[in-house]
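The structure appears below as structure tokens.
Chain letters run A, B, ... following the sequence lines, proteins first, then strands; residues in each count from 1. All values derive from a computational prediction rather than experimental measurement. These numbers come from the heavy atoms of this one structure, side chains and all, not from hydrogens, waters or symmetry mates.
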Amino acid sequence: MEHLGRDFFARDTLTVARELLAQRLVRVLDGERLAGRIVEVEAYVGEEDRACHARSGRTERNASMYGPPGHAYVYFVYGMHHCLNVVTEREGFPAAVLVRALEPLEGIEAMRSRRWPERGHVVSVVEGRGGRADVELLGGPARLCQALGIDRRFDGVDLCAPGAHLFVERAAAVPDEAVAAGPRVGVRGDGAALVAPWRFYLRDSRYVSRS
DNA sequence: GGATCGATCGGCT
DNA sequence: GCCGATCGATCCG
């Protein structure tokens, strides 16, 4: 399978976000492939975007967003969660796409045991039986990072490098009718960028983090 | 199903 | 000090 290369990411962030939908995010962990289909993303674009981490300029934390496209920007929030972004546009311009949800495809048992070390092996969608539903496995930016073993060590890592342990594989594109857009999750305020429909998701996927 | 709240800590106003 | 691109538990209806 073809890995998405630098040219894919070195474009307008909204375009990259839209086109990342349906592509396959792959993490190689302990020699095993963990993978999911990207079903939900959000674009964060430049210092003028008041929801973007670069809104107050460059800092040590957001430095990766100012770096070259095709690299990861991984940050730590709420004292316990990590979130994964893919850096876009040209070096020097801070922009990225947040990966918000995946449909589980490969390495599901390994991902389950990372998310639920106690009873992760119990596969059940029935409430009260100790099992967890697959929609909870990768449905959320922090959830998918936990399942894939992604933390700050991946901040700044090149997803386009040969032998990368985290990358995106090309899959068949989806038609525009399959894509929905709306305001970004957790973004509040009345600025133009704050209400912009920069969240993209597959309309019919049951794996998006919120319907 | 929806609202609310606690956890937990790094970053920056 | 304050708050966050979140999650999961709990309470209510």
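Summarising the base pairing, C:dG8 is matched to B:dC5 through a Watson-Crick or G-U wobble pair whose two defining distances lie under 3.5 Å.
With A:R115 contributing its side chain and A:M111 its backbone, the two residues share no donor-acceptor pair below 3.5 Å. Without hydrogens or angle criteria, A:Y201 side chain to A:A181 main chain gives no donor-acceptor distance under 3.5 Å.
As rounded to whole Å, 10 Å separates atom C1' of B:dG11 from atom CD of A:E60. Residue A:L194 contributes atom CG, which lies 11 Å from atom P of C:dA5 at whole-angstrom precision. Atom CG of A:N85 is separated from atom P of C:dG4 by 18 Å (rounded to the nearest Å). The interatomic distance linking A:M80 (CE) with C:dG4 (P) rounds to 15 Å, in whole Å. The nearest whole Å value for the distance from the NE2 atom in A:H81 to the C1' atom in B:dT8 is 9 Å. Separating the OH atom of A:Y78 from the C1' atom of B:dG6 is a distance of 13 Å, rounded to the nearest angstrom. A:N62 has its CG atom 14 Å from the C1' atom of C:dG4, to the nearest Å. Taking atom CG of residue A:L137 and atom C1' of nucleotide C:dT6, one finds them 16 Å apart after rounding to whole Å.
Closest to the A:T59 side chain, of the nucleotides B:dG10, C:dA5, B:dC12, is B:dC12. Set against C:dC7, C:dG4, B:dG10, the side chain of A:R115 has C:dC7 as its closest nucleotide. If you check C:dA5, B:dT13, C:dG8 against the side chain of A:S56, the one that comes closest is B:dT13. The side chain of A:F76 lies closest to B:dG10 when the candidates are B:dG10, C:dT6, B:dC12. Side-chain proximity of A:Y73 to the nucleotides C:dA5, C:dG8, B:dG10 is greatest for C:dA5. Of the candidate nucleotides B:dT8, C:dC7, B:dG10, C:dC7 has the atom lying nearest to any side-chain atom of A:A142.
Figure legend: A:R6 and A:F8 shown without cation-pi pairing, the cationic atom not lying both under 6.0 angstrom from the six-membered ring centre and within 45 degrees of its axis. Relative to the six-membered ring of A:Y44, A:R55 misses at least one condition, a distance below 6.0 Å or an angle of at most 45° to the axis. The cationic atom of A:R18 (NZ for Lys, CZ for Arg) does not lie both less than 6.0 Å from the six-membered ring centre of A:F200 and within 45° of the ring axis.
Backbone-only engagement by A:R61 is indicated by non-hydrogen atom pairs under 4.0 Å involving sugar-phosphate atoms exclusively. Using a 4.0 Å heavy-atom criterion, one finds that A:A51 contacts the bases of the nucleic acid, with or without backbone contacts as well.
A:Y75 contributes a side-chain N or O that forms a donor-acceptor pair with the base of C:dA5 under 3.5 Å.
Map A:L144 and A:R188 each onto its nearest nucleotide of DNA chain C; the residue landing nearer the 5' end is A:R188.
One finds a side-chain N or O of A:R100 lying less than 4.0 angstrom from the OP1 or OP2 phosphate oxygen of C:dT6.
A:Y44 qualifies as a stacking partner of the C:dA5 base, centre to centre under 5.5 Å and near-parallel within 30°.
Here the shortest heavy-atom pairing between A:G149 and A:R114 reads CA-NH1, 4.0 Å.
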